[in-house]
Amino acid sequence: MKIGIVCYPTYGGSGVVATELGKALAKAGHQIHFITYSQPTRLDFFSENLFYHEVNVKSYPLFDYPPYELALASKMVDVVEHEKIDILHVHYAIPHASAAFMAKQILKTKGISIPVITTLHGTDITLVGKDATYEPVVTFSINQSDGVTAVSDDLKKDTKDHFDITNHIEVIPNFIDLERFKKQKKDHFKKAICPNDERLIVHTSNFRKVKRVQDVIEVFNRVRKVLPAKLLLVGDGPERYPMEELCRKLCNHDDVRFLGKLEAVEEVLSVADLFLMTSEKESFGLAALEAMACEVPVVSSNAGGLPELNLDGTSGFVCKVGDVEDMAKKAIHILDEANLGKFKEGALNRAKDFDVSNILPIYVNFYEQIMENVKKGESTIA
Ligand code: GMT
C-alpha cells in the first residue's frame with residue numbers, strides 16, 4: 001500500500017505514534033509518505049520506503065494567522081495525486097481531519113477517491129476539541145472521515161459523550177517497539193545518579209499543566225522521607241520553571257534532576273525503578289508504556305485510558321488523580337526489595353501486549369477494510 005501519514009512532527013505522543021507506525025509499515029514493505037511542516041523527530045534515517053513532504057506555509061502581510069490548514073490540504077492533494085497514494089491516515093483531529101476532508105473534496109473533482117482515516121489521540125478531544133472554538137469542525141470532520149480510530153476505550157467513550165458522533169470509532173491502542181525499548185545494561189549510569197544504591201524514580205512528559213508534575217514532586221518528597229531515592233524529570237514545557245521552584249522548596253537539590261528533552265529516553269528508563277504518571281487527563285499514556293517496556297513499574301493516576309494500560313497490582317498501581325498520599329504509599333510498596341522484582345516482571349509482561357507486532361496487523365486490516373468500503377461506496381456510519 002501507499003499510505004500518506006499526516007501528523008505533528010514534534011516530541012508529542014501523537015507524532016511519535018504516527019512516526020513509529022509509518023516506520024513499522026515501511027519495514028513491512030508499504031510505501032509511507034509523511035506530510036507535515038518539518039521532519040518528524042524520530043524520522044532521522046534513510047529507508048527506501050519512507051518519504052517526507054514538507055508543508056510550506058506562505059505568509060503575507062495581511063495574514064495575522066498564516067493559513068496552515070490550507071497549505072496542508074493543498075499538499076495532501078499534491079502528494080495523493082502525484083505519488084498515487086491509496087489511503088490517507090491523519091493523526092490528531094485538529095486541524096488534520098478537516099484539512100483531509102478538504103483535500104478529499106478537491107481530489108473528488110479530479111476523479112480521485114481517497115479514503116481518509118482519522119486517529120484521535122487525546123487532547124484533540126479532551127482539551128482542545130471540546131472547546132466551542134473548534135467543536136463544530138471537529139464533530140464534522142470526525143463524522144466525514146471514512147474510518148476513525150481512538151487510542152483507548154476511554155477516549156472513544158469521551159468522544160461519543162461530548163460530540164455528536166454518527167461514525168463508528170474503532171479502538172486501536174498505541175504500541176511499542178520492544179526491540180528499541182528494552183532494558184539496557186547501563187550500570188555506570190545508574191552508579192553516577194544513585195552512588196549509594198538509591199531507588200531511581202523517573203517522570204517524562206511535556207510539562208504541561210495537564211500532567212500535574214507537582215504531584216510527581218509531592219509523591220517523591222513523601223517517598224524520600226521513607227527511603228533513599230533520586231528523581232529524574234525528563235522533558236520540557238511550560239511547567240518546568242514552576243516545578244524547579246517547587247523542588248527548591250520541597251526537596252533536597254541533590255536528589256532531583258531536570259534533564260530536559262532527551263532523544264534516547266530508553267537509556268534513562270533502563271536504570272529506573274519506578275515511573276510516575278500523575279496526569280489529570282491521559283488518553284493512553286505512551287510514556288508509561290515506554291517505561292514498562294524497559295521493565296519499570298508505573299504508579300499512575302486513574303485518568304482517561306491509564307487504567308486500561310497500567311494493570312493495578314500487576315504492572316504497578318492506579319490511584320485517584322491528585323491522591324499523592326496513596327501514590328506515595330503504592331510507590332513505597334513497589335520499591336520494597338521484596339516486591340520490586342515481581343512488579344518489574346509485571347510491567348514488562350504488560351508491555352508485551354502492546355508490541356508493534358501485535359498492533360500493526362490491526363492497522364493494516366483496518367486500512368484494507370476502509371479502502372474496500374470506500375471502493376464499494378459504503379460508509380462506516382454506525
Ligand atoms: O500527552 C500529551 O500532551 C501529548 C499528546 C499528543 O497529542 O501528542 O499525547 C496524547 O496522545 C498520546 C499518543 O496517542 C497518548 O499516549 C497521550 O496519552 C495523549 N495525551 C493526553 O491525552 C493528555
Side-chain angles (χ1 to χ4, degrees), residues 5-24 36-38 40-42 89-97 117-131 134 138 148-159 161-162 169-177 181 203-213 215-216 233-240 261 265 275-293 298 300-310 318 321 350-351 353-354 356 359 362-363:
I5 293 185
V6 178
C7 64
Y8 283 102
T10 47
Y11 272 90
S14 66
V16 168
V17 169
T19 312
E20 294 297 340
L21 176 62
K23 281 156 65 175
T36 182
Y37 59 81
S38 71
T41 23
R42 289 199 185 173
H89 186 179
V90 306
H91 290 259
Y92 206 91
I94 304 168
H96 302 152
I117 290 179
T118 298
T119 289
L120 309 173
H121 278 276
T123 48
D124 46 352
I125 296 301
T126 56
L127 282 178
V128 198
K130 274 179 194 167
D131 192 284
Y134 300 113
V138 172
V148 182
T149 78
V151 297
S152 61
D153 285 325
D154 185 81
L155 183 60
K156 173 178 176 172
K157 187 178 174 307
D158 218 357
T159 311
D161 286 351
H162 289 93
I169 300 178
E170 184 83 6
V171 174
I172 305 183
N174 288 334
F175 55 87
I176 188 95
D177 180 356
F181 281 89
H203 168 80
T204 70
S205 76
N206 52 22
F207 283 68
R208 295 193 188 137
K209 273 209 181 308
V210 71
K211 302 293 172 182
R212 294 184 67 99
V213 184
D215 288 357
V216 171
L233 292 145
V234 183
D236 208 347
E239 286 293 288
R240 179 166 167 181
K261 283 180 186 164
V265 68
F275 188 85
L276 291 176
M277 182 170 261
T278 51
S279 313
E280 176 105 38
K281 291 182 190 298
E282 200 67 64
S283 64
F284 182 85
L286 187 65
L289 176 57
E290 291 177 345
M292 289 179 194
V298 173
S300 74
S301 71
N302 61 352
L306 283 173
E308 293 170 48
L309 169 68
N310 187 16
V318 178
V321 173
R350 183 58 179 148
D353 294 337
F354 298 92
V356 61
I359 310 299
I362 305 178
Y363 268 117

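Counting starts at 1 for both ligands and their atoms, following the listed order. Predicted model, so just to flag it, every value in this text is computed and none were measured.
- With Tyr92 contributing its side chain and His121 its backbone, the two residues share no donor-acceptor pair below 3.5 Å.
- Every atom of ligand 1 is numbered from 1 in the order shown, and the set under 4.0 Å from a heavy atom of Lys211 is 1 (O), 2 (C), 3 (O).
- Those atoms of ligand 1 that come under 4.0 Å of a heavy atom in Asn174, given as number and element, are 13 (C), 14 (O), 16 (O).
- Of all atoms in ligand 1, numbered sequentially from 1 with element shown, those under 4.0 Å from a heavy atom of Arg208 are 3 (O).
- For His96 and Tyr8, the ring centers sit closer than 6.0 Å to each other.
- Among the atoms of Glu282, some N or O lies under 3.5 angstrom from an N or O of ligand 1.
- Using a 4.0 Å cut-off between charged side-chain N and carboxylate O, Lys156 and Glu170 make no salt bridge.
- Close approach of ligand 1 to Thr123 (heavy-atom distance below 4.0 Å) involves ligand atoms 7 (O), 23 (C).
- A distance-only check finds no donor-acceptor pair linking the side chain of Ser152 to the backbone of Phe284 [under 3.5 Å].
- The distance from ligand 1 to the heavy atoms of Gly13 drops below 4.0 Å at these ligand atoms: 4 (C), 6 (C), 8 (O), 12 (C), 13 (C).
- By the neighbour-count criterion of 12 heavy atoms within 6.0 Å, atom OH of Tyr134 is sparsely surrounded, having that number or fewer from other residues, nucleotides or ligands.
- For Tyr92, every heavy-atom contact with ligand 1 shorter than 4.0 Å involves the side chain, none the backbone.
- Heavy atoms of Asp124 found under 4.0 angstrom from ligand 1: none, in either backbone or side chain.
- Considering both main-chain and side-chain atoms, Val151 never comes within under 3.5 Å of ligand 1 through any nitrogen or oxygen pair.
- Each of the atoms 16 (O) of ligand 1 lies under 4.0 Å from some heavy atom of Leu286.
- Counting only N and O atoms by type, the side chains of Thr119 and Thr149 include a donor and acceptor under 3.5 Å apart.
- Of the polar atoms of Phe284, at least one N or O is found under 3.5 Å from an N or O of ligand 1, judged by distance alone.
- Annotation: the span from Leu309 atom CG to Met277 atom CE amounts to 8.5 Å, rounded to 0.5 Å.
- Between Gly304 and ligand 1 there is no heavy-atom distance shorter than 4.0 Å.
- With atom 8 (O) of ligand 1 as the reference point, the heavy atom nearest to it among Pro173, Gly122, Ser279, Ser14 is part of Ser14.
- A centroid separation of 6.0 Å or more is found between the aromatic rings of Phe181 and Phe354.
- Although no hydrogens or angles enter the test, the distance criterion places no donor-acceptor pair under 3.5 Å between the side chain of Ser301 and the main chain of Glu280.
- Taking every non-hydrogen atom of Asn206 and a distance limit under 4.0 Å, the qualifying atoms of ligand 1 come out as 1 (O), 2 (C), 3 (O), 4 (C).
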